[in-house]
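The structure displayed is predicted, hence computed values, not measured ones. Residue numbers begin at 1 in each chain, while the letters A, B, ... track the order of the sequences.
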Number of protein chains: 2
Amino acid sequence: MSLPHAILTALLEKPSSGLELTRRFDRSIGYFWSATHQQIYRELGKLEADGHIRALPTEQPARGQKKSYEVLPAGRAELARWTAASQDPRPHRDTLLLRLRASAVVGTEGIEADLRRHLELHRRQLAEYEEIEKRDFPPGRDTCEDKLRHLVLRAGIELETFWTRWLTDALEEFGELPDSGPA
Amino acid sequence: MSLPHAILTALLEKPSSGLELTRRFDRSIGYFWSATHQQIYRELGKLEADGHIRALPTEQPARGQKKSYEVLPAGRAELARWTAASQDPRPHRDTLLLRLRASAVVGTEGIEADLRRHLELHRRQLAEYEEIEKRDFPPGRDTCEDKLRHLVLRAGIELETFWTRWLTDALEEFGELPDSGPA
DNA sequence: CTCCTTTGTGCAACTAGTTGCACAAACGCG
DNA sequence: CGCGTTTGTGCAACTAGTTGCACAAAGGAG
């Protein structure tokens, strides 16, 4: 229910083609609302049909030709409505926690290596976020938009920090465990 | 792809009927893998068809009659296989962060109230987790299973702690913002 | 100039999750 | 006893998200 709104936000920040959107989803909005190019194209079609966005006029529109979209007033209004509306947090789902819990009954054999791998992934993600922070949010520059976006980035940083720390703790505890748990 | 494994885990911890599972999902496993009773019943059917679980024999089985399931060896093996297999973290999706980012372009009107509401929800969840910790994990009792389950619970506690703090910070920044941002 | 890779767009089929409803038995109450 | 509420089970339809593939144009390499 939120992909169209993610796209509207991205397009308001800068009108783009499907592929450009896909790229930007990989680097920024996608950090908390990921989407594949297939989803994005499909959704662009719907948004256009609904009159929320329109294709920027080009010379010869054709398949395999860049097509940029911009947000129409109706789209902006819809985004504003959605942003302001009260919404319940969606339930989280975390496979790793589930597996850890499962390993309490079927044994921890094999999971440790994957914990290490996840730790490495989270470390890398954290480094990437910190890079972005250094680049996009230097000490000065405190416009209202910057403050909001920085807030979002900080959430990402702190979440990755949490996972990094938690996984480190978990691995430490694994060291103290008898070899493969129960089962 | 993980609901069947969540159910297997829960059933290994204790054989249960569909409704009992639903209740336990609401209080424990569901904290990181939520499911409705409809999903659970459907999945129980599939798991039984696959020979992973079986219904415990009862006197007169009938609709509207409690039916308990237990895990068969094949089910346990499947769970062990899945737990040990390497898996990539699934992308997170967070509506609130998305809305905050959107509010940087369409204005913050209306979102503050919902931030407060979320803060309250996370505080409550945190309190619930801490209650569980006090009840189920008193200082002694360090069996291997307990350690693993405690680790999972601590992840929940720390995540809620993070959200509580982050939302508090965010609301503070909102106080300093000019009235409704851009737009 | 032809073939191969990259860029960009898109459809179709599938899987997972949600919502809405239905139905039966058991329980409590006037 | 008859009637509404709670408990327990379940189907069907829908929505969202994923996976797999296809096709066109453009650019570079032999």
For nucleotides 15-18 of chain D, give me every protein contact, N/O to N/O, under 3.5 Å, one pair per line with atom names.
from	atom 1	to	atom 2	distance (Å)
D:dG17	O3'	B:R93	NH1	3.4
D:dT18	OP2	A:Q39	OE1	2.9
D:dT18	OP2	B:R93	NH2	3.2
D:dT18	O4	A:R42	NH2	2.6

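- The side chain to side chain donor-acceptor pair (under 3.5 Å) test applied to B:R123 returns no partner, not counting sequence neighbours.
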Identify each donor-acceptor pair in which a side-chain atom of residues 128-135 of chain A lies under 3.5 Å from a protein atom, sequence neighbours left out, and give them as a table.
from	atom 1	to	atom 2	distance (Å)
A:E128	OE2	A:Y31	OH	2.4
A:E133	OE2	A:H150	NE2	2.8

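- The salt bridge (Lys or Arg N to Asp or Glu O under 4.0 Å) check on A:D50 picks up nothing, with sequence neighbours excluded.
- Applying the side-chain contact (heavy atoms from CB on, under 4.5 Å) test to A:R124 and every residue at least two apart in sequence or in another chain returns A:E120.
- Applying the side-chain contact (heavy atoms from CB on, under 4.5 Å) rule to B:P89 yields the partners A:H118, A:L121; only residues at least two apart in sequence or on another chain are considered.
- Atom CD of A:E43 and atom P of C:dT9 are 16 Å apart (whole Å).
- Listed by chain and residue number, A:R154, B:F162, B:R165 satisfy the side-chain contact (heavy atoms from CB on, under 4.5 Å) test with A:E158 (two or more places apart in sequence, or in another chain).
- Atom pair A:H37:NE2 and D:dG20:C1' shows a separation of 10 Å (rounding to whole Å applied).
- When only modelled atom types and interatomic distance are considered, A:H122 and A:E160 share a side-chain donor-acceptor pair under 3.5 Å.
- Within residues 11-32 of chain B, the residues that have a heavy atom under 4.0 Å from DNA chain D are, in order of number, B:S17, B:G18, B:L19, B:R23.
- Counting to the nearest Å, the P atom of D:dA25 and the NZ atom of A:K67 are 14 Å from each other.
- Counting to the nearest Å, the P atom of D:dC23 and the OH atom of A:Y41 are 17 Å from each other.
- Among pairs with a residue in residues 1-16 of chain A, those fulfilling salt bridge (Lys or Arg N to Asp or Glu O under 4.0 Å) read A:E13-A:R24, A:E13-A:R149, A:E13-B:R101, at least two apart in sequence or across chains.
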